[in-house]
Student: 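My questions all concern the structure below.
Excluded from the calculations below are hydrogen atoms, water molecules and symmetry mates; all remaining heavy atoms, backbone and side chain alike, are included. Since we're looking at a predicted model, the values are computed, not measured. We count residues from 1, following the sequence as given.
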Amino acid sequence: MHSFHNKTENRAVMHLDMDSFFTSVELLLNPSLIGKPVIVGGNKHRGVVGACSYEARKFGVASGMSSANAYRLCPSAIFLSGNNSVYGMYSNMVTEMIAQNAPSFEKSSIDEFYLELTGMDSYFGIRKWSFELANKISKEVGLPLSIGVAINKTTAKMATEEGKPKGRIYLKADQIRAFLDPLTVNKIPMAGPKSMCDLNKLGIFTIKDLREFSFNTIKFKMGRNGMQLWLKANGIDNSEIERFSIAKSISKVHTLHDNSRDKNFLLTQLNALTEEAMYNLRAKGMLTGCISVKLRTFDFKDHETSMQVEHTSIDDVILLVVNILFYKLFKNNVSIRLVGIKLTKLVNSTHQLKLFDAKENQNNSLMKNIDFLRDKYGLSAVSKANGIHTTHKIKSERSFNFMNG
């Protein structure tokens with residue numbers, strides 16, 4: 001029998017998950033949908049279910065299934081295409097509330113968080129503190145959520161899932177086994193259909209079955225995946241919280257060698273800074289909701305203007321805004337000594353935000369390829385700054401000099 005050291009016996013981790021997040025936001029904005037089968041993502045003919053109300057789930061509808069299949073199961077469902085900027089806004093509200101209260105936390109997706117609470121019992125009662133925070137967030141943001149508090153991330157997440165919707169579950173170390181044992185093995189996070197099939201063939205159906213099964217046999221039969229499942233069934237997960245930090249802004253400025261009144265030259269410099277800022281934005285996994293342009297004149301006076309946009313990380317959108325802002329500031333007879341770009345109102349970007357925007361998915365795919373080339377060959381390998389998109393010596397027919405045609 002193998003003996004594994006569980007480093008988390010004296011640890012406290014809170015898992016917080018917004019209940020049916022996208023759907024809950026839609027119901028908050030349109031209360032007439034409450035009590036009806038609502039599906040967010042695509043339409044009855046095409047697309048993917050991003051989220052669905054509990055009324056739709058009663059018909060067998062689930063996240064990730066095709067919208068066409070969801071319509072077949074629930075013809076009376078109300079389909080909504082979704083609004084990623086609104087979901088991002090509410091996610092950001094929850095994130096900021098957690099950041100104001102938790103000493104350390106991880107944002108694992110747009111609607112899911114892990115909070116490190118180890119040691120807080122010296123100052124607060126962890127159970128009371130966790131429940132009060134959950135209730136405060138739900139009340140102030142207006143959305144339902146569930147939490148689980150346990151000795152590690154895996155067990156806390158499983159507690160959350162068992163408590164949904166609006167669950168509040170707190171497990172002490174000596175309560176973990178009694179909680180886990182009756183659950184079926186498919187309740188273990190990351191246990192997919194193939195793993196279930198392999199476990200069932202071994203006569204393993206519950207977590208207790210897996211916990212009591214020979215570690216050496218599970219290792220031989222299922223390899224590393226089987227080992228990980230066995231450890232989780234025994235309440236062992238030593239993974240750490242990946243600390244989340246909210247970036248305030250991304251700025252790029254360039255002081256010119258000589259003062260200039262050449263608007264095309266200035267715009268080229270500004271667009272180059274924009275591409276660099278957007279590259280950094282995507283590298284951080286962020287979206288921007290506000291763009292600012294700054295021009296410093298020959299007399300050292302700064303002139304700045306900004307524009308808010310739906311959260312994005314796409315160069316085309318930002319370059320267009322930058323061009324518009326530049327022309328609002330630029331005066332033909334005034335020499336410029338510095339140009340600058342600043343991206344603010346940043347929010348975390350996740351794949352879930354993209355479920356509802358096919359066009360942005362295509363653009364993101366393009367930008368990932370462009371960023372790959374920039375990583376490999378340098379930022380200048382692919383550039384739009386001169387008004388023409390160039391990859392080495394291959395020129396695109398598309399112009400990005402929006403204001404000059």
Side-chain angles (χ1 to χ4, degrees), residues 5-18 21 87-134 136-138 140-141 143 145-161 168-171 173 189-190 228 231-232 235-251 277 279-289 311 313 343-354 371:
H5 177 52
N6 189 352
K7 299 178 183 178
T8 65
E9 289 177 351
N10 299 314
R11 192 177 173 199
V13 174
M14 172 179 168
H15 177 254
L16 184 151
D17 196 4
M18 308 304 293
F21 179 56
Y87 304 145
M89 179 186 72
Y90 277 96
S91 175
N92 200 36
M93 290 169 61
V94 175
T95 304
E96 289 177 353
M97 288 192 68
I98 292 174
Q100 291 168 6
N101 290 274
S104 178
F105 73 98
E106 171 184 334
K107 185 171 184 176
S108 60
S109 74
I110 190 173
D111 61 349
E112 189 176 10
F113 306 81
Y114 291 95
L115 286 66
E116 182 66 70
L117 307 182
T118 305
M120 285 183 60
D121 254 341
S122 301
Y123 307 96
F124 311 99
I126 288 180
R127 182 182 184 279
K128 182 174 183 292
W129 185 92
S130 301
F131 287 17
E132 287 180 351
L133 177 61
K136 179 181 179 181
I137 293 172
S138 183
E140 293 190 15
V141 180
L143 299 172
L145 60 87
S146 297
I147 66 165
V149 183
I151 60 173
N152 55 49
K153 292 168 71 174
T154 295
T155 311
K157 181 178 176 66
M158 294 173 72
T160 302
E161 292 300 322
R168 306 285 188 270
I169 294 181
Y170 175 84
L171 297 172
M190 306 306 291
Q228 291 297 320
L231 289 171
K232 291 177 179 180
I236 300 173
D237 172 18
N238 296 325
S239 60
E240 299 293 331
I241 297 290
E242 297 179 12
R243 188 162 187 167
F244 178 86
S245 60
I246 302 176
K248 300 295 183 182
S249 65
I250 294 177
S251 301
Y279 174 79
N280 292 342
L281 183 78
R282 289 190 294 273
K284 294 176 182 292
M286 306 294 288
L287 304 173
T288 179
H311 282 94
S313 63
L343 310 176
T344 55
K345 294 189 180 297
L346 306 186
V347 298
N348 192 49
S349 172
T350 70
H351 69 282
Q352 288 174 300
L353 275 174
K354 304 301 173 222
D371 287 345

Student: In chain order, what residues pass the ring pair (Phe, Tyr, Trp, His ring centres under 6.0 Å) check against Y114, with sequence neighbours excluded?
Tutor: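 So Y114 forms a ring pair (Phe, Tyr, Trp, His ring centres under 6.0 Å) with H15.
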Student: Closer than 3.5 angstrom, by distance alone: can the side chain of T95 be matched with the main-chain N or O of S91 as a donor-acceptor pair?
Tutor: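 Yes; at least one donor-acceptor contact below 3.5 Å.
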Student: Heavy atoms, side chains only, cut-off 4.5 Å: are P189 and M158 in contact?
Tutor: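 P189 vs M158: side chains touch.
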Student: Between E116 and R243, is the closest basic N to carboxylate O distance under 4.0 Å?
Tutor: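 Salt bridge flag = no for E116 with R243.
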Student: What distance separates N280 CG from L343 CG, expressed to the nearest 0.5 Å?
Tutor: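 Going from the CG atom of N280 to the CG atom of L343 covers 9.0 Å.
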Student: Kindly give the heavy-atom pair with the smallest separation between A156 and A150, and that separation in Å.
Tutor: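 For A156 and A150, the tightest heavy-atom pair comes out as N-CB, 3.7 Å.
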Student: Please check: side-chain N/O of T118 versus main-chain N/O of R11, any donor-acceptor pairing under 3.5 Å?
Tutor: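 Pair absent, no side-chain N/O of T118 close to backbone of R11.
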Student: State the CG-CG distance between L287 and N92, to the nearest 0.5 angstrom.
Tutor: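 Taking CG in L287 and CG in N92, the distance rounds to 10.5 Å.
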Student: Would you compute the distance between atom CD of E132 and atom CD1 of I137 and round it to the nearest 0.5 angstrom?
Tutor: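 It is 12.0 Å, given to the nearest 0.5 Å.
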Student: Please name the pair of heavy atoms, one in S313 and one in R282, separated by the smallest distance, quoted to 0.1 Å.
Tutor: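 So the two residues come closest at O-NH1, 2.9 Å.
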Student: Do you know the tightest heavy-atom contact between G235 and I151?
Tutor: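 Nearest heavy atoms, G235 then I151: O-CD1, 3.9 Å.
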Student: Which atom pair, heavy atoms only, marks the closest approach of L145 to S138?
Tutor: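 The pair with the smallest heavy-atom distance is CD2-N, 3.8 Å.
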Student: Is any side-chain heavy atom of L346 closer than 4.5 Å to a side-chain heavy atom of L281?
Tutor: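 Contact flag for L346/L281 side chains = yes.
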Student: Distance check, rounded to the nearest 0.5 Å: L143 atom CG versus M18 atom CE?
Tutor: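 L143 CG to M18 CE: 4.5 Å, rounded to 0.5 Å.
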Student: Rounded to the nearest 0.5 Å, what separates atom CD1 in I169 from atom CE in M14?
Tutor: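 I169 atom CD1 to M14 atom CE measures 12.5 Å (nearest 0.5 Å).
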Student: How long is the gap from CZ on F113 to CD1 on I98, to the nearest 0.5 Å?
Tutor: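 Separation between the atoms: 4.0 Å.
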Student: List the steps, then state whether side chain to side chain contact (heavy atoms under 4.5 Å, CB included) holds for I147 with F131.
Tutor: CA-CA 8 Å; I147 66 165; F131 287 17; 3.6 Å; yes
Student: Is it the case that S239 and D237 place a side-chain donor and acceptor less than 3.5 Å from each other?
Tutor: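 The answer is yes; a qualifying pair exists.
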Student: Which atom pair, heavy atoms only, marks the closest approach of I126 to A12?
Tutor: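 Minimum heavy-atom separation between I126 and A12: CD1-CB, 3.5 Å.
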Student: Search all heavy atoms of E240 against all heavy atoms of E106 and return the closest pair with its distance.
Tutor: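 The pair with the smallest heavy-atom distance is O-OE1, 3.9 Å.
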Student: Considering only heavy atoms from C-beta outward, does the side chain of L133 approach that of L16 to under 4.5 Å?
Tutor: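 No, every pair of side-chain atoms sits at 4.5 Å or beyond.
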Student: Answer with yes or no whether the side chains of S108 and K153 bring together a donor and an acceptor at under 3.5 Å.
Tutor: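 No, because no side-chain N or O of K153 sits under 3.5 Å from a partner of the opposite role on S108.
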Student: Check whether any side-chain heavy atom of W129 sits under 4.5 Å from a side-chain heavy atom of N101, and report yes or no.
Tutor: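 In short, these two side chains touch, coming nearer than 4.5 Å.
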Student: Mind running side chain to side chain contact (heavy atoms under 4.5 Å, CB included) on N238 and N152 for me, showing each step along the way?
Tutor: CA-CA 7 Å; N238 296 325; N152 55 49; over 6 Å; no
